[in-house]
Amino acid sequence: MMALRVPEDWRAVAERILDAPGVVVVLGGTDSGKSTFCAYLGKRAAERDLKAALVDADVGQSQVGPPGCIGWAWIGQEGMGREQDLWFVGDFSPVRYLAECVVGTFRLVMSALARGAQLVIVDTTGLVRGREGLQLKMAKLQCLRPRHVIAFRRDLAATAIMPLVTMSSDWQTHVVEVPPEVRIRSREERRAYRLGLLQSYLAEATEEEFGPEILVTQAEKVLWLAAKGSMAVDTPHGGEVLQGDQAAGREIRPFPTPWERRLCSLEEEYGRCLGVGITTEVDPWRSRIRVRWRRHREGKVRLIRVSDVPLDLLGME
Ligand SMILES: Nc1ncnc2c1ncn2[C@@H]1O[C@H](COP(=O)(O)OP(=O)(O)OP(=O)(O)O)[C@@H](O)[C@H]1O
Ligand SMILES: [Mg+2]
């Protein structure tokens, strides 16, 4: 691994940010040095005794919590701490979940500020191209109204994001160059990295079973309803919920959608994540679901949101 070199422009930008701390959003294409810059800025903040938080909005390989989530953690002299809060997206790319990614990032930044963070560093995905890139980045900025935006020039220069961001008077834009030391990671490397993140997150997980009192959803689908005796089934006309004896004499089968070995979020209500895990066994006929999960917050589990992406996309064959 090449040793970190702190480029001169990083040094200068960090000084300006630490003199006027607040919310900082770091933008740039894939393999630009975004996450390395965030870590550097966090370290410098700690040297100045600023209470600093990292919100990692990169669902593909968030350094906070498992992949498929965005999260926030304190960063201090000893580097990054444990996840303080997570927002479950359930996909490893933001493309199908742009709104979720924006809302989740916003909620986590608010959470860090409410807990007393003086500097909130927002790391983002490398998705800057096309309509999705534009929507994702501009919506995030409009929502967060950060004090500073760091723009890594290389890939951003080819997008409309760059001129739109620099012309705004709502924040200070600091354009930095992609350092020549940046290492381009292959697809395989990214997969392996994601897998490692998930495994280390789950190393502290415990298994638990939940029953019919829990609402279980996967995107827009419901596995079963909280009302006792009701069941979500698949019919030729799509999903249908049957109550009690409506099922009698009919040939029914549960949703064929796979629910097992999926990333999932255990929540008190939509968005209030108590911890994340993997579904190990799902039995819709008995309304039972088993999950291996790691809790980061107290609260009663009332909802389990299951990812609609197979784990093998993460490298879990
Ligand atoms: N200033 C630097 N000196 C040495 N190596 C660096 C420097 N900046 C980045 N790198 C290396 O380049 C690689 C990519 O950097 P980094 O992960 O920070 O990029 P990123 O923009 O966050 O990428 P991604 O889009 O995948 O999140 C890493 O291996 C990192 O260690
Ligand atoms: Mg990164």
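In listed order, ligands and their atoms are each counted from 1.
A distance of 8.5 Å separates NE2 of His148 from CZ of Arg16, quoted to the nearest 0.5 Å.
Between Arg185 and ligand 1, at least one pair of N/O atoms sits closer than 3.5 Å. Of the polar atoms of Asp31, at least one N or O is found under 3.5 Å from an N or O of ligand 1, judged by distance alone. Below 3.5 Å of separation, one finds no N or O of Asp123 facing any N or O of ligand 1.
Checking Thr280 against Glu260 by side-chain atom types alone, no donor-acceptor pair falls below 3.5 Å. Between the side chains of Glu267 and Ser265, a donor-acceptor pair is found at a separation under 3.5 Å. A side-chain donor-acceptor contact under 3.5 Å links Gln84 and Arg115.
The residue from Thr36, Asp58, Val178 that puts a heavy atom closest to atom 15 (O) of ligand 1 is Thr36. Nearest-residue assignment for atom 5 (N) of ligand 1 (options Arg190, Arg5, Glu181; heavy-atom criterion): Glu181.
Screening residues 60-88 for ring pair (Phe, Tyr, Trp, His ring centres under 6.0 Å), with sequence neighbours left out, gives Trp72-Trp74. Residue pairs satisfying the ring pair (Phe, Tyr, Trp, His ring centres under 6.0 Å) criterion with at least one member in residues 21-62, sequence neighbours excluded, are listed as follows: Trp10-Phe37.
Distances below 4.0 Å separate heavy atoms of Gln61 from the following atoms of ligand 1: 26 (O). For ligand 1 and Leu4, the ligand atoms under 4.0 Å from any heavy atom of the residue are 1 (N), 2 (C), 3 (N), 4 (C). In the vicinity of Ala3, heavy-atom distances shorter than 4.0 Å reach the ligand 1 atoms 3 (N), 4 (C). Residue contact check: Ser32 has heavy atoms under 4.0 Å from atoms 19 (O), 20 (P), 21 (O) of ligand 1.
Seen from the ring of Phe210, Arg288 does not count as a face-on cation partner, given the 6.0 Å and 45° thresholds.
Neighbours of the Mg ion (ligand 2) restricted to protein N, O or S atoms under 2.8 Å: the count is 1.
Annotation: side chain of Val282 is not in contact with side chain of Val306 (no heavy-atom distance under 4.5 Å).
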Next item on the list: Starting from the C-alpha separation in whole Å, work towards a yes-or-no answer on side chain to side chain contact (heavy atoms under 4.5 Å, CB included) for Arg305 and Arg262.
Entry: CA-CA 10 Å; Arg305 287 203 284 140; Arg262 294 286 169 110; over 6 Å; no
Can you give the donor-acceptor pairs under 3.5 Å from side chains of residues 122-130 to other protein atoms, not counting sequence neighbours?
residue, atom, partner, partner atom, Å
Asp123, OD2, Ser35, OG, 2.6
Thr124, OG1, Val26, O, 2.7
Thr125, OG1, Leu127, N, 3.3
Thr125, OG1, Lys137, NZ, 3.3

